[in-house]
There are 2 protein chains.
Amino acid sequence: MADRLSPTSYVVLGTIALRGPSTSYDLKRAVGRSIGYFWHFPHAQLYSEPQRLVDLGLLEAETEEGGRRRRTFRLTDPGREELRAWLAEPTPEHFQMRDIAELKLFFNEVGEPGDVERLAREQVAAHRERIAVYEDMQKRYASLDAVAKRMITLRLGLEMEHAALRFWSSLLEETDRA
Amino acid sequence: MADRLSPTSYVVLGTIALRGPSTSYDLKRAVGRSIGYFWHFPHAQLYSEPQRLVDLGLLEAETEEGGRRRRTFRLTDPGREELRAWLAEPTPEHFQMRDIAELKLFFNEVGEPGDVERLAREQVAAHRERIAVYEDMQKRYASLDAVAKRMITLRLGLEMEHAALRFWSSLLEETDRA
DNA sequence: CTCCATACAGTCCGAAACAGACGGTATGCG
DNA sequence: CGCATACCGTCTGTTTCGGACTGTATGGAG
């Protein structure tokens, strides 16, 4: 069974476990405002994956009789067990940093000397802005007990953003000096 | 034209620009030992993408008459121009951190209390090991002028690894104390 | 009550990515 | 000569992706 489950599967199972019975639209919003900052999950997949998980017996679904006829998914016992087994097992994968800016930096010799400075300047600004967003989130949610313990991922996000900012800032200084 | 080009396209164009005429096998090796540490590019794609770029006039290819009959790709002038244009344009994409460990951390409430400690311990070890790999690479290549300037990306990689190590180490201490 | 904008609910589609398996053969070494 | 390995590639089915598209419930303003 576990070999049929992808990161998207676990994100769907996990999000429903955390927040309770959810529609795909709920999932889209919840994921987009949390882990979606680090790893984007396409909207269409958050509609198709729950149905697949229903077919695998890990979720069950019910559809509203009237109104918007929304389709709400809830975790089954096997679904919860799959999620818990995944959480308990070793994690061989190393993280991937998919960063276009880094690719550009790697190939910078091929371009113009000014390219790197522009890139670094823009990255410094982008990372500063993202840090501001995360810090604002920390402030806004710190007093909500229900979500405060989920801020731990935001801490990792901030740590990584500060690291990137450090790197691009020092690169910017180096290009300024050259 | 640029809307037909993906990150993989630019990685192929850029790698050939940096190292000169290359076979797909060359690309596979060169990418795997550099940016492939951060962003994995599947082997089969490094065979199919150059042909697509030939069809678009950005690469040209020649096949050996005898021996291994290897197929070597070289950059055309339009290919070089595309690459340089990409390097010069703004970079709206923010990096994505695809990290299974982070997903597990986010959903940790659903699992057992011991899960987080095990995860943190494992991540500390993994990041230490990756740092050792990168530091070894830095040492080994520092004296080779031909590649020394391409170590800049490795610096970013190290910065991010140290950030991750800091985070997981402090989390490990916190779980030890709890 | 009507109208309109927006939020919500979803599907579709072509292209790209992916993982892994598979087959073939040149090359170098014992 | 034989064998192991490096090199050269293709194929395949599935999943992911990005974006476009359609439909409709809902709430608010006039």
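In what follows, every chain begins at residue 1, and chains take the letters A, B, ... in the order their sequences are listed.
- Within a heavy-atom distance below 4.0 Å of DNA chain D, no residue of residues 78-96 of chain B is found.
- Every side chain to side chain contact (heavy atoms under 4.5 Å, CB included) that A:R166 has, sequence neighbours left out, goes to A:H162, A:A163, B:E159, B:R166.
- Residue B:Q45 places its side chain closer to C:dA17 than to any other of C:dA17, C:dG10, C:dC8.
- Closest to the B:E49 side chain, of the nucleotides D:dG18, C:dA17, D:dT16, is C:dA17.
- In this structure a side-chain-to-backbone donor-acceptor pair under 3.5 Å is present from B:K104 to A:E89.
- Residue A:H40 has a polar side-chain atom (N or O) positioned under 4.0 Å from OP1 or OP2 of D:dG18.
- Looking at B:E117 and B:R121, a side-chain N of the basic residue comes within less than 4.0 Å of a carboxylate O on the acidic one, giving a salt bridge.
- Listed pair B:S6 / C:dA17 meets the phosphate criterion, a side-chain N or O lying under 4.0 Å from OP1 or OP2.
- Using modelled atom types and a 3.5 Å distance limit, the side chains of A:Q123 and B:T91 yield no donor-acceptor pair.
- Side-chain contact between B:Y25 and B:R68 is absent, with no heavy-atom pair separated by less than 4.5 Å.
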Sub-3.5 Å pairs of nitrogen or oxygen atoms, protein against nucleotides 22-28 of chain D:
from   : atom 1 : to    : atom 2 : distance (Å)
D:dA25 : N3     : A:R68 : NH2    : 2.9

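- Between A:E93 and B:R98 there is no salt bridge, since none of the side-chain N atoms of the basic residue sits less than 4.0 Å from a carboxylate O of the acidic one.
- The 5' end of DNA chain D is approached more closely, in terms of each residue's nearest nucleotide, by B:F73 than by the other of B:F73 and A:F41.
- Classification of B:K139 and B:D136 as a salt-bridged pair fails, no side-chain N sitting under 4.0 Å from a carboxylate O.
- Ranked by how close their nearest DNA chain D nucleotide is to the 5' end, A:R52 and B:R71 are led by B:R71.
- Salt bridge absent: A:E174 and A:R177 never bring a charged side-chain N and a carboxylate O closer than 4.0 Å.
- Within the nucleic acid shown, B:T8 comes within 4.0 Å of sugar-phosphate atoms alone, with no base atom in reach, counting heavy atoms only.
- With sequence neighbours excluded, the residues satisfying ring pair (Phe, Tyr, Trp, His ring centres under 6.0 Å) with B:F41 are B:W39.
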Filtered N/O pairs between nucleotides 11-14 of chain D and protein, under 3.5 Å:
none

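- Using a 4.0 Å cut-off between charged side-chain N and carboxylate O, B:R84 and A:E112 make a salt bridge.
- D:dG9 atom P lies 11 Å from atom CD of B:Q51, rounded to whole Å.
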Could you walk me through whether B:L171 and A:L156 pass the side-chain contact (heavy atoms from CB on, under 4.5 Å) check? CA-CA 10 Å; B:L171 184 63; A:L156 176 54; over 6 Å; no
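- Comment: A:D77 does not engage A:R80 in a salt bridge, judged by the lack of any side-chain N to carboxylate O separation of less than 4.0 angstrom.
- When distances are taken from the side chain of B:Y47 to each of C:dC18, C:dG10, D:dG9, the shortest belongs to D:dG9.
- In this entry the distance linking CG of B:L5 with P of C:dA16 reads 10 Å, nearest Å.
- Between the side chain of A:Q96 and the main chain of B:H40, a donor-acceptor pair closer than 3.5 Å is present.
- Residue contacts shown for A:R4 are absent, as no nucleic acid heavy atom lies under 4.0 Å away.
- We find that NZ of B:K28 is positioned 14 Å from P of C:dA19, with the value rounded to whole Å.
- Scanning residues 13-26 of chain A for heavy-atom distances under 4.0 Å to DNA chain D yields an empty list.
- Between A:I100 atom CD1 and D:dG18 atom P there is a gap of 11 Å when expressed in whole angstrom units.
- Nucleotide D:dG9 holds its P atom 15 Å from the CZ atom of B:R29, rounded to whole Å.
- Under a 4.0 Å N-O distance rule, the pair A:E64/A:R71 does not qualify as a salt bridge.
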